[in-house]
Every structure is written in C-alpha cells, then in structure tokens.
Amino acid sequence: MLLEIKGLCKEYKRREKTFSVVDNVDLSIGQGDFVSVIGRSGSGKSTLLNMIAGLLEPTSGNIKLDDRDIYTLKDRKKSEIRNSRLGYIPQGFGVLYNLTVFDNVRLPFYLSKRQGDAAGRASFLLDEVGLSPLAEMMPSQLSGGELRRVLIARALMNEPEILIADEPTSDLDIETTKIIMDLFARINQNGTTILIVTHELDTLEFGNRVLTMESGRLTEHAQSNAAEKPYI
Ligand code: ADP
Ligand code: MG
C-alpha cells in the first residue's frame, strides 16, 4: 500500500470537554487510486486531510507512507517528504498574490533541494492546465477556475506521487468544475494517486472510490468503482 492509515483520531478540547473531530479512521490507498471523500461541512474532512498531508499531528493512530510512519520522522525529514512526495491543494485560493502565475507554479521547486529545469517544468505544467497564455499575469487578474488551476499546477511541480485536494471545486460553476475534474482524471491516468475532499455530488463520477465522512467517521461505499455510481 502506498498510504496506510490506521486508527486515526483527532480530538479537541472545548470547555474542558474532549470531542473527536476525526474518530478512529482506517483507510488504505493504493498506487493509482482516485479517492473521493464526501461529507457535510464540519464532519472532519479538512482535519483528516491536514493530518494526511503531514501538517497536523494526530491525537492517536498512524499514517504510513510506504510503510514509514510519517509522524515518527524528524521535522526536517517530514517536510522533505511533504514537499517531494505529496502535492497538497488547500481549501480556498491559497496563491501568493505578489508573485506572477509562473512564479507561483515554480515556487515549491525552490523550497526543496531539487535539481532540474524548474522553468521548463513550470511551463509544461501551465500548458497542461491550459494557462500558458496567463503565465506572466498576476493572480488578481484571474478567475476562480483559473486560480484553482494555478494551485493544481503548483501542487504538481515536484512530481508528487499523491495529489491531495481539499474541496478543489467549491465556489466554481458547473462548467469550470467539469474542467477541473477532467484535469484530475487526466493527472490520475498519468499515474498520480489522487485524494480529494468534496461536498459536491456531481464530482463523484470521477474516480474509483467514494467514502463518506460523518461526525469524524469514515465509511466506504460498497459499490465504489468506476463502473457503478454509488447511490447516496
Ligand atoms: P470539514 O472540513 O468537514 O468542514 P473540519 O475538519 O474543518 O470539517 O472541522 C471539523 C470540526 O472540527 C468542526 O466542528 C470544527 O469546528 C472543529 N475544529 C477544526 N479545527 C479545530 C481546532 N483547531 N480547534 C477546535 N476545533 C476545531
Ligand atoms: Mg473543510
């Protein structure tokens, strides 16, 4: 298994009372999977993704990437893995507004000690997401759908094995949602494993597995595969 999650919990305290936001989650993700997690707002989806992305320490349980528990690694090693093997697209429009589109895309390259042609890869990715003509624009000149595509290109900069996206199509119209989801499907066909969180049911036709998060608990739909759409 590429990613193996066992007994994952995240608890918070509110006025002396402890409550579980992520409650004993088990999840195995294989190379090439396209996994969608759906669920209502507040059900714990972002908390789960943040733990998987190496950004938020679990209360208990573990997350193994190729059999290595990421939270037992030293901070430096953990950042290195996060920057090189995982591509993370946070909720919202997390671009840097004082950098051009092109510089936003190539930024992750400079955060790790990588060798290669950063400019060439950034140009290739901008072409992949259909934004080449906008490379020298500033983010404030772009539409919501275009900004999401910048974030996708940026998350792919270091050639991650797993692309993790938190509600990448929220606030987008149906047409733009389709463009973004088609892009994820293409990236997946090229071999990248994908894990996305969404609360939109119209994105479920993409991908081969669908899970639902409800009050911190994660359940997989029995029929989830590409041929049969789950009944919800
Ligand atoms: P979702 O992404 O499904 O909307 P979240 O994972 O963002 O859900 O949040 C799940 C629950 O956890 C919410 O009730 C939220 O208020 C709570 N929560 C999230 N982060 C914290 C925190 N740092 N401290 C306390 N409660 C939190
Ligand atoms: Mg969320």
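Both counts, for ligands and for their atoms, begin at 1 and track the order of listing. Excluded from the calculations below are hydrogen atoms, water molecules and symmetry mates; all remaining heavy atoms, backbone and side chain alike, are included.
- At least one protein heavy atom sits closer than 4.0 Å to atom 10 (C) of ligand 1.
- No salt bridge links Asp117 with Arg121; every basic N to acidic carboxylate O contact stays at or beyond 4.0 Å.
- Asp166 and Tyr88 are not linked by any side-chain donor-acceptor pair at a separation below 3.5 angstrom, with hydrogens and angles left out of the test.
- In this structure, Gln31 contributes its side chain and Gly191 its backbone to a donor-acceptor pair below 3.5 Å.
- When each atom of ligand 1 is checked for a heavy atom of Ser41 under 4.0 Å away, the hits are 4 (O).
- Residue contacts with ligand 1, taken as heavy atom pairs separated by less than 4.0 Å, do not involve Gln91 at all.
- For a threshold of 3.5 Å applied to N or O pairs, the pair formed by Phe19 and ligand 1 contains no separation below that value.
- Atom CD of Gln141 has more than 12 neighbouring heavy atoms from other residues, nucleotides or ligands inside a 6.0 Å radius.
- What sits closest to atom 7 (O) of ligand 1 on the protein, heavy atoms only, is Ser46 CB, 3.7 Å.
- An N or O contact shorter than 3.5 Å links Gly42 to ligand 1 by distance.
- Taking the six-membered ring where the residue is Trp, Phe184 and Phe34 present perpendicular rings, their angle passing 60° and hence far from 30°.
- Annotation: side chain of Thr100 is in contact with side chain of Met138 (closest heavy-atom distance under 4.5 Å).
- The side-chain heavy atoms of Asp33 and Leu3, taken from C-beta on, include no pair separated by under 4.5 Å.
- Using a 4.0 angstrom heavy-atom cutoff, Gly39 does not count as in contact with ligand 1.
- The protein non-hydrogen atom at the shortest distance from atom 6 (O) of ligand 1 is Thr47 OG1, 2.5 Å.
- Within 6.0 Å of CD in Glu214 there are 12 or fewer heavy atoms belonging to other residues, nucleotides or ligands.
- For CZ of Arg186, the number of neighbouring non-hydrogen atoms (other residues, nucleotides, ligands) closer than 6.0 Å is greater than 12.
- To the nearest 0.5 Å, atom NZ of residue Lys45 and atom CZ of residue Arg40 are 10.0 Å apart.
- Using a 4.0 Å cut-off between charged nitrogen and carboxylate oxygen, Lys77 and Glu80 count as a salt-bridge pair.
- Within 6.0 Å of NZ in Lys78 there are more than 12 heavy atoms belonging to other residues, nucleotides or ligands.
- Among Asp23, Thr219, Leu218, Ile38, the single residue meeting the side chain to side chain contact (heavy atoms under 4.5 Å, CB included) criterion with Met213 is Leu218.
- Within the protein, the number of N, O or S atoms lying under 2.8 Å from the Mg ion (ligand 2) is 2.
- From the protein, the heavy atom lying nearest to atom 8 (O) of ligand 1 is Gly44 N, 3.2 Å.
- When hydrogens are left out, the protein atom nearest atom 17 (C) of ligand 1 is Val21 CG2, 4.0 Å; that is the closest non-hydrogen contact.
- When hydrogens are left out, the protein atom nearest atom 20 (N) of ligand 1 is Tyr12 CE1, 3.6 Å; that is the closest non-hydrogen contact.
- Residue contact annotation: Arg14 has a non-hydrogen atom under 4.0 Å from ligand 1.
- The option from Lys45, Lys10, Met51 that lies nearest to atom 3 (O) of ligand 1, judged by heavy atoms, is Lys45.
- The closest approach between Arg40 and ligand 1 falls below 4.0 Å for a heavy atom of the residue.
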